[in-house]
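Every chain is numbered from 1, with letters handed out A, B, ... down the list of sequences. Model, not experiment: these values are computed from the prediction.
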Number of protein chains: 2
Amino acid sequence: MSPPPAARSATLARRPQRADGRRNYDNILAAARTAFDEGGTSASLEDIARAAGVAIGTLYGHFPTREALIEATMRDGLDQLRASADALAETENPAAALTLWFRQAVAHCSTFRGLVGLLATSSYDEGTPLHHACVAMHESCGQLLRRAQGSGHVRADLSPDDLFTMITSAAWTRENATADHDPSDRLIDLLLDAIIRTGRETSAG
Amino acid sequence: MSPPPAARSATLARRPQRADGRRNYDNILAAARTAFDEGGTSASLEDIARAAGVAIGTLYGHFPTREALIEATMRDGLDQLRASADALAETENPAAALTLWFRQAVAHCSTFRGLVGLLATSSYDEGTPLHHACVAMHESCGQLLRRAQGSGHVRADLSPDDLFTMITSAAWTRENATADHDPSDRLIDLLLDAIIRTGRETSAG
DNA sequence: ACCTGAACACCGTTCAAGT
DNA sequence: ACCTGAACACCGTTCAAGT
């Protein structure tokens, strides 16, 4: 009765087989990155198609929804973020690993204006293109958090979800920052201060 | 050479003198509150005009920009928030006053989806309709913060701007919450934990 | 398998004409 | 002073026709 697994990811963009399709796909993605970078995730799709040199129907053929296009532009970056968590989980100082990854995660989530809002709503909404990315981020949060808590440097009552909320709220603050005034770094310091207890057991508890 | 004070607030909506205009103004405001409540601050202005029983031109006549309309729907609420800060500044427990007002401020800033984003960008952008509200909030932050810091219950390196950033980030988190999952209360607790030091000097330091 | 662009729907905003 | 609604511009989205 339930839909096959493929149906869940039916809205996800896939790089086409044919050479001309792949070229268009890549051009649209490149144009989208530029447009989202300048105008946020609500940038005009017609402008993106025009900049990519394709008809608007071609854009929709590859990316059925705006969110699918956004997801595709972020896929590599979010894969990198997960890889970074895996690598940091092997380093010697769990608290330092957590704080470093926290800052990386905030940077990734504030890549485009509007992105973090999508991440926040995708987190508990299965079937959205960005849901998978949110699950991956939760897993990375848990991975680094458990180790940091095990070493006694991070308050034990903190959940991966708490960490995710802190990251997205800081990313939203950065998203709204201007060159003149960016309170996000200070907010990150305050948030990390709230959860990290330095100078406890030095290492292997 | 600089424009007269009136020019600054030229974009602010004013309740008209004539009876028919005042009736339309009030109807538009009521319709806007309903629409923003349901669809966020990007709700259709044509729908609002229709619900208010006026032509679209009438809406623009009273509220030259979307932001002016949003500001008008929030004016009373934000005045109340300032009055609440003034009242709480007279109570005996400065730390309790600060935490209580913090929660009230978060609630006000998350009245409509999209509002807090406007507040964040209006904060350092003079001439926007909501700038005055942001200045008022900063003043309330400073008022309650100074007293709480004076009593030794709040870390001394915290600025009114830090507090404002914390409030908006929590409000954004609430804005994106669903009935199933609202991490904003927990985030508020973590943020307040980060700045409040309970059990120090009990009262008059 | 993929591309095209006309067609439709919808909305923001302005403004000349009205009372 | 205030109201009206047609007019224009712009964009999202679909789909029949093409290669």
Side-chain angles (χ1 to χ4, degrees), chain A residues 6 10-32 34-36 38-73 112-114 117-118 128-129, chain B residues 6 10-32 34-36 38-73 112-114 117-118 128-129:
Chain A
T11 56
L12 250 73
R14 287 217 304 181
R15 201 148 174 273
Q17 313 265 7
R18 240 169 61 177
D20 60 339
R22 211 154 48 215
R23 191 157 30 85
N24 284 338
Y25 181 95
D26 292 340
N27 286 342
I28 292 165
L29 223 44
T34 304
F36 291 158
E38 288 169 1
T41 56
S42 61
S44 161
L45 297 181
E46 287 194 333
D47 283 355
I48 291 171
R50 203 175 355 253
V54 301
I56 182 67
T58 305
L59 187 148
Y60 276 92
H62 290 297
F63 308 97
T65 63
R66 177 183 294 273
E67 211 178 325
L69 178 56
I70 295 166
E71 189 277 335
T73 63
F112 307 132
R113 278 201 310 115
L118 234 47
T128 52
Chain B
T11 56
L12 250 73
R14 287 217 305 183
R15 200 147 174 274
Q17 313 266 4
R18 240 169 63 176
D20 59 340
R22 213 156 46 216
R23 190 157 31 85
N24 284 339
Y25 181 95
D26 291 341
N27 286 342
I28 292 166
L29 224 43
T34 305
F36 292 157
E38 289 169 2
T41 55
S42 60
S44 160
L45 296 181
E46 287 195 333
D47 282 354
I48 291 171
R50 202 177 355 256
V54 300
I56 183 64
T58 305
L59 187 150
Y60 276 92
H62 289 298
F63 308 98
T65 63
R66 179 183 292 273
E67 211 179 323
L69 178 55
I70 295 166
E71 189 276 336
T73 63
F112 307 132
R113 279 201 308 115
L118 234 48
T128 53

Any side-chain heavy atom of [X] sitting closer than 4.5 Å to one from [Y]?
X	Y	value
B/Asn27	B/Val54	no
B/Asp26	B/Arg15	yes
A/Phe63	A/Leu45	no
B/His62	B/Ile28	yes

Presence of B/His62 side-chain N/O under 4.0 Å of D/dA1 phosphate oxygens OP1/OP2: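 Looking at the OP1 and OP2 atoms of D/dA1, neither is under 4.0 Å from any side-chain N or O of B/His62.
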
Presence of B/Ser44 side-chain N/O under 4.0 Å of C/dC10 phosphate oxygens OP1/OP2: no

Complement of D/dC10, any strand, by Watson-Crick or G-U distances under 3.5 angstrom: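 In the structure as shown, D/dC10 has no Watson-Crick or wobble partner.
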
C/dG5 - base-pair partner by Watson-Crick or wobble geometry, distances under 3.5 Å: D/dC15

For [X] and [N], what is the distance between atoms [atom1] and [atom2] respectively, to the nearest whole Å?
X	N	atom1	atom2	result
A/Arg14	C/dA1	CZ	C1'	13 Å
B/Asn24	D/dC3	CG	P	4 Å
B/Leu59	C/dC11	CG	P	14 Å
B/Ile56	C/dC15	CD1	P	15 Å
A/Asp26	C/dC2	CG	P	13 Å
A/Asp47	D/dC10	CG	P	11 Å
A/Glu46	D/dA9	CD	P	15 Å

A/Arg22 vs B/Ser42, nearer the 5' end of DNA chain C by closest nucleotide: A/Arg22

Output the single nucleotide from [options] whose closest atom is nearest the side chain of [X].
X	options	answer
A/Asp20	C/dG12, D/dC3, C/dC3	C/dC3
B/Val54	D/dC2, D/dT13, D/dT4	D/dT4
B/Ala55	C/dC11, D/dG5, D/dT14	D/dG5

CZ (A/Arg66) with more than 12 external heavy atoms under 6.0 Å: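 Enclosed: over 12 neighbouring heavy atoms sit under 6.0 Å from CZ of A/Arg66.
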
Nearest-nucleotide comparison on DNA chain D, the residue closer to the 5′ end among B/Arg18 and A/Tyr60: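 Between the two, 5'-proximity favours B/Arg18.
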
